Amino acid sequence: MILFISDLHKSLDSREEMDSVKWLLDILDELKPDYLIGAGDWGEGMSVADFSDILSRTKLIAVYGNHENFSIVKNFSIRDGQIMSVGDMKVTGINGLIGDDENYGIPPNKFLKIISRLRDKNVDVLITHQPPYLPEIYPKMRYNEAAELMLQALEQIKPKLHLNGHMTDGCYSYYEFEWGKYLRVDSSSKFRCYAIIDKDVIVYQRGEEVFNFSL
């Protein structure tokens, strides 16, 4: 069983945000998943001890986003395009956002090279912080090169499931493409949403089931 979170946003701005890792550890203790997948924006307040506490409970497959303690999170994140076997699934991820930011940017030419390597790998699950261009579910999303490149990448890789973060638009977003399915969750203190991936995918908000679908 896999637990999926994104945008935990641990920070020192409020008591609830400071307690984000404690909230996550309680879920890990309750569900005992084999893996935890995180799609970035762990938050500037994350420490080595936080990640160590997570790793004492489960295996971690993480990418980083644009709101991070970068000196720490990069030590616990997957290498761009690294393929991991999770049961009978091939799982990979790409860190950051497409662009030139020195902390979290992945230049378009580097991004395209990674996509080219993944194209024929039969990836089942792709994890990114970078969202694709999806005005169908994000009406306020402006068209930009990064989102369009992400959409083109998905069309080439054709994962069964794309797990995403970054967008702040409610507890979760779901979309079905011809090639596969897309899911975003918001695990921040505002929503406290997460998904369990097993034979089916079930999205929860504060422990209550709110959505489900089959892979």
Side-chain angles (χ1 to χ4, degrees), residues 2-33 35-80 82 93-106 127-131 138 140-142 144 146-147 150 163-173 183-197 203-208 210-211:
I2 300 169
L3 175 66
F4 167 50
I5 67 163
S6 189
D7 298 80
L8 191 67
H9 283 291
K10 181 187 177 183
S11 76
L12 305 180
D13 292 340
S14 72
R15 170 56 62 183
E16 196 168 15
E17 289 177 351
M18 288 174 63
D19 288 342
S20 290
V21 174
K22 180 182 183 300
W23 168 81
L24 175 59
L25 295 177
D26 287 344
I27 294 174
L28 291 173
D29 287 338
E30 177 185 354
L31 299 179
K32 296 179 172 55
Y35 287 86
L36 170 65
I37 287 178
D41 278 6
W42 295 84
E44 293 89 345
M46 291 295 289
S47 66
V48 171
D50 290 332
F51 281 110
S52 296
D53 285 341
I54 291 168
L55 287 167
S56 71
R57 290 163 167 81
T58 190
K59 297 174 184 176
L60 177 64
I61 304 177
V63 301
Y64 58 79
N66 54 309
H67 294 286
E68 308 286 8
N69 185 341
F70 290 103
S71 64
I72 290 174
V73 72
K74 291 185 177 182
N75 296 316
F76 295 94
S77 300
I78 193 172
R79 297 191 310 274
D80 292 328
Q82 176 186 357
I94 302 174
N95 291 285
L97 296 173
I98 300 171
D100 298 319
D101 186 276
E102 63 178 346
N103 285 319
Y104 58 80
I106 177 167
I127 313 155
T128 70
H129 193 64
Q130 172 69 55
Y138 303 122
K140 296 181 180 179
M141 189 179 197
R142 294 183 178 181
N144 59 61
M150 188 70 242
L163 298 176
N164 180 232
H166 190 59
M167 302 302 290
T168 54
D169 191 41
C171 170
Y172 74 94
S173 299
L183 178 65
R184 175 201 61 84
V185 298
D186 188 331
S187 306
S188 69
S189 60
K190 183 176 182 179
F191 295 105
R192 290 291 190 242
C193 293
Y194 56 92
I196 294 174
I197 303 170
V203 179
Y204 293 86
Q205 182 170 25
R206 301 184 186 276
E208 298 294 328
V210 293
F211 183 68

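Values in this document were obtained by computation on a predicted structure and should not be read as measured data.
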Please step through side chain to side chain contact (heavy atoms under 4.5 Å, CB included) for the pair L12 and M18, ending with a clear verdict. CA-CA 5 Å; L12 305 180; M18 288 174 63; 4.1 Å; yes
Quick one, [X] and [Y] - any side-chain contact, counting heavy atoms below 4.5 Å?
{"X": "I94", "Y": "Q130", "answer": "no"}
{"X": "Q205", "Y": "F191", "answer": "yes"}
{"X": "Y204", "Y": "I27", "answer": "no"}
{"X": "Y194", "Y": "L24", "answer": "no"}
{"X": "I98", "Y": "N144", "answer": "no"}
{"X": "H9", "Y": "S11", "answer": "no"}
{"X": "P33", "Y": "K59", "answer": "no"}
{"X": "I54", "Y": "L25", "answer": "yes"}

Let's go through I2 and I61 carefully: what are the C-alpha distance in whole Å and the side-chain angles of both, what is the deciding distance for side chain to side chain contact (heavy atoms under 4.5 Å, CB included) to 0.1 Å, and is it a yes or a no? CA-CA 10 Å; I2 300 169; I61 304 177; over 6 Å; no
Going by distance alone, is a donor N or O of one side chain under 3.5 Å from an acceptor N or O of the other, for S47 and D50? yes
Has the side chain of [X] got a donor or acceptor atom that lies under 3.5 Å from a matching backbone atom of [Y]?
{"X": "S187", "Y": "S6", "answer": "yes"}
{"X": "R184", "Y": "G170", "answer": "yes"}
{"X": "E68", "Y": "E44", "answer": "no"}
{"X": "N95", "Y": "Y104", "answer": "no"}
{"X": "K74", "Y": "S71", "answer": "no"}
{"X": "N164", "Y": "T128", "answer": "yes"}
{"X": "D7", "Y": "H166", "answer": "yes"}
{"X": "W42", "Y": "V63", "answer": "yes"}

If every non-hydrogen atom of [X] is compared with every non-hydrogen atom of [Y], which pair is closest and at what distance?
{"X": "D41", "Y": "H67", "value": "OD1-N, 2.8 Å"}
{"X": "H129", "Y": "Y64", "value": "CB-O, 3.8 Å"}
{"X": "W23", "Y": "C193", "value": "CH2-O, 4.2 Å"}

For R206, does the CZ atom have more than 12 heavy-atom neighbours from other residues, nucleotides or ligands under 6.0 Å away? yes
List the steps and the verdict of side chain to side chain contact (heavy atoms under 4.5 Å, CB included) for L3 and T58. CA-CA 10 Å; L3 175 66; T58 190; over 6 Å; no
Atom [atom1] of [X] and atom [atom2] of [Y]: how far apart are they, to the nearest 0.5 Å?
{"X": "I106", "Y": "D100", "atom1": "CD1", "atom2": "CG", "value": "11.0 Å"}
{"X": "S77", "Y": "F51", "atom1": "OG", "atom2": "CZ", "value": "6.5 Å"}
{"X": "I196", "Y": "F4", "atom1": "CD1", "atom2": "CZ", "value": "13.0 Å"}

Stepwise side chain to side chain contact (heavy atoms under 4.5 Å, CB included) check, R192 with S20: CA-CA 9 Å; R192 290 291 190 242; S20 290; 3.5 Å; yes
